[in-house]
Amino acid sequence: MSIYAKKNKTGGMADVIRCDQPDYLVWKWHPSGAARGDLKRETAIRTNSVLRVKDGEVAVFVYKQKDGHNQDFIVGPHDETLKTKNFPVLSSIIGLWYEKDTPFQAEVFFINLGRALQVKFGVPYFDIADPRFPDFAVPVAVRGTLTFKIEDYESFVKHYQLATFEMEDFKKKVTDAVARYVKDAVAKAPAENDIPLIQIETKNDLINDKAEINVKERLFETFGVTVTGFDINSIELDKDTEAYEELKKVSKDLAARKAEIDIQHYEESLRIQREEEQYAAHMGTKQANLGAYETEVKGEVGVESAKALGKMGENGAGRIDIGGDDGQGGGVGFNPVSLMAGLAVGGAVAKNIGGTLDQTMNAAGNVPPTIPAITFHIVVDGKAIGPFETAKVIEMINNGQVKKDTLVWKQGTPNWVKASDLAEFAASFPPEIPPAK
């Protein structure tokens, strides 16, 4: 209670509370003339003292009370004589006494909000198993760089004791934490992202993006700092180990088997494509034949109808007698009723047969499609491309895309042959000029 005694109300000389350090993150202010360690004097703020806080800084007044430590935060820029109206905690402690030249005790810290710290982190070799081959674990090391700063100063003060703050100790704690989070992210990456361990060095960007999210959240929760830059510079496999050589071998064998399977799938797809084209050509021919057959049948029905009419005439079914006055037959003529009946019967038969054929064709696809043109496939750079119609292949011959020895497969044939061996294209190649004798 001695600092609040009447004899101390004069308060002595006023202090200027400010930070003149050129490069700092957290700095503790000491009154001028006060020896370090003289806790009573270095925490006694004198009356009429001036507080100067630059832009990008925050001054923290820490008061020690029975229930712990409380803080007042003054954010720069600020330059004026201390007044309790700017210090809510101070006002609750001493009320109006400070206005009557009463000193108070507090530790004053300056926090640099504008400074960004950059630290390097590293994770020494640790074993990671390939998810495809869990028996092969290869050592992996990680190196990177972290940049961070203090933005949420109130959260920072809650997580870290300013009175015991040491820069190097703080950096070490941050880098140790980052190494743990990065190690966990890299170890899980092959299984979570289906990455072959042998290729993990090439997936740096993907792993970096996922690890950065975790690092940002964890560092803010643990230390109250904001990450402004995160870079995994390298992920390295220990390629001198036996495990790496074994993993490389089995991965190569797996890749070879996969390539073989891909070739088989490609050949199978070509076979299916050829069968589909052959089936389409067969159905087109069938449709055309069916249409011709319908026309032929209808024509035959018409002929047969005419023959039937002729028979009817020969048998007298289509004639009538033209009698004389004596009641004797005087002549013969056509019977129109019988004639119409014959035509009706013939027409009905033709209509029924034609209708049956129409229904068959409709069931196969309504209107018969146009007969498809014969198509060809050609081999370019070891791959089959197509289908192309005859005119297109001839155009490619003229452009030099198809040579005499280019392999060509014609729809409906069993084998690939040289382009010059097909009758459709033989004439398109210029004749060879015999050598001069």
Side-chain angles (χ1 to χ4, degrees), residues 15-46 49-65 67-80 82 86-90 93 104-121 145-179 181 215-230:
D15 288 306
V16 177
I17 303 172
R18 67 185 183 187
C19 176
D20 294 325
Q21 296 296 311
D23 187 26
Y24 74 98
L25 187 66
V26 176
W27 181 78
K28 183 178 180 181
W29 174 80
H30 296 270
S32 59
R36 290 184 179 274
D38 183 2
L39 299 180
K40 187 173 181 180
R41 172 64 188 93
E42 73 176 2
T43 60
I45 309 300
R46 291 184 270 197
S49 292
V50 175
L51 175 63
R52 291 175 181 168
V53 186
K54 297 189 291 291
D55 189 19
E57 293 180 336
V58 60
V60 186
F61 286 73
V62 181
Y63 312 99
K64 186 176 182 179
Q65 297 177 270
D67 60 346
H69 292 79
N70 289 304
Q71 301 90 20
D72 277 323
F73 299 93
I74 305 297
V75 181
H78 182 92
D79 187 356
E80 64 178 34
L82 295 177
N86 296 325
F87 296 83
V89 176
L90 175 61
I93 295 173
F104 65 93
Q105 284 190 321
E107 292 180 289
V108 183
F109 299 89
F110 284 81
I111 298 177
N112 190 345
L113 303 179
R115 182 183 179 187
L117 290 178
Q118 186 176 81
V119 295
K120 296 185 180 299
F121 63 86
T145 305
L146 174 77
T147 306
F148 64 94
K149 63 191 299 186
I150 300 172
E151 290 183 345
D152 188 343
Y153 50 84
E154 293 190 34
S155 177
F156 175 78
V157 171
K158 288 179 182 178
H159 287 87
Y160 217 94
Q161 293 294 327
L162 296 179
T164 59
F165 182 85
E166 292 290 342
M167 177 67 82
E168 294 306 316
D169 178 59
F170 177 65
K171 286 182 179 179
K172 186 177 186 307
K173 288 183 178 180
V174 170
T175 53
D176 287 348
V178 172
Y181 307 148
V215 168
K216 283 184 175 181
E217 293 177 352
R218 300 290 289 275
L219 288 187
F220 185 80
E221 292 172 358
T222 307
F223 301 100
V225 299
T226 301
V227 174
T228 59
F230 177 80

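Side-chain atoms are counted along with the backbone in the values below, which use heavy atoms only and exclude waters and symmetry mates. From a predicted model like this one, the values you see are computed outputs, not experimental measurements.
Atom CZ of F148 and atom OG1 of T226 lie 10.5 Å apart (nearest 0.5 Å). Rounding to the nearest 0.5 Å places CZ of F170 at 11.5 Å from CD of E168. How far CD of E57 is from CG of D55: 9.0 Å, rounded to the nearest 0.5 Å. Here H78 contributes atom NE2 and R52 contributes atom CZ; the two are 11.0 Å apart, rounded to the nearest 0.5 Å. Remark: T228 OG1 to Q118 CD distance equals 8.5 Å, nearest 0.5 Å. Considering CG of L146 and CG of L117, their distance stands at 9.5 Å, rounded to 0.5 Å.
V60 is listed as a side-chain neighbour of I111, based on a closest heavy-atom distance under 4.5 Å. Considering only heavy atoms from C-beta on, V26 stays 4.5 Å or farther from F110 through its side chain. Within the 4.5 Å cutoff, the side chain of D176 has no heavy atoms near those of the F121 side chain. Contact annotation: the side chain of V227 never approaches that of T147 to less than 4.5 Å [non-hydrogen atoms, C-beta and beyond]. Taking 4.5 Å as the limit, every side-chain heavy atom of W29 sits out of range of all side-chain heavy atoms of C19. Counting heavy atoms from C-beta outward, F61 and N70 have side chains that stay 4.5 Å or more apart.
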How far apart are the C-alpha atoms of Y63 and F87, what are their side-chain angles, what is the distance that settles it, and do they pass the side chain to side chain contact (heavy atoms under 4.5 Å, CB included) test?
-> CA-CA 11 Å; Y63 312 99; F87 296 83; 3.6 Å; yes
When you look at L51 and I74, which way does the side chain to side chain contact (heavy atoms under 4.5 Å, CB included) test go after all the steps?
-> CA-CA 9 Å; L51 175 63; I74 305 297; 3.8 Å; yes
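No donor-acceptor contact under 3.5 angstrom links the side chains of Y153 and Q71, judged on distance only.
Checking side-chain atoms of T175 against main-chain N and O of K172 turns up a donor-acceptor pair under 3.5 Å. Of the possible polar contacts, one joining the N112 side chain to the Y24 backbone as a donor-acceptor pair under 3.5 Å is found.
For the residue pair F109 and L162, the shortest heavy atom distance occurs at CE2-O, 3.4 Å. Heavy-atom minimum distance, V75 versus V53: C-CG1, 4.3 Å. When every heavy atom of G224 is checked against every heavy atom of S155, the shortest pair comes out as CA-OG, 3.8 Å. For the residue pair L113 and E151, the shortest heavy atom distance occurs at CD2-O, 4.4 Å. Between R115 and M167, the closest heavy-atom pair is NH1-CE, 3.6 Å.
Within 6.0 Å of the CD atom in Q21, the count of heavy atoms belonging to other residues, nucleotides or ligands exceeds 12.
Aromatic pair Y181/F230: ring centres not closer than 6.0 Å. Ring centroid separation for the pair F223 and F156 does not come in under the 6.0 Å cut-off.
Between R18 and D20 there is a salt bridge, since at least one side-chain N of the basic residue sits less than 4.0 Å from a carboxylate O of the acidic one.
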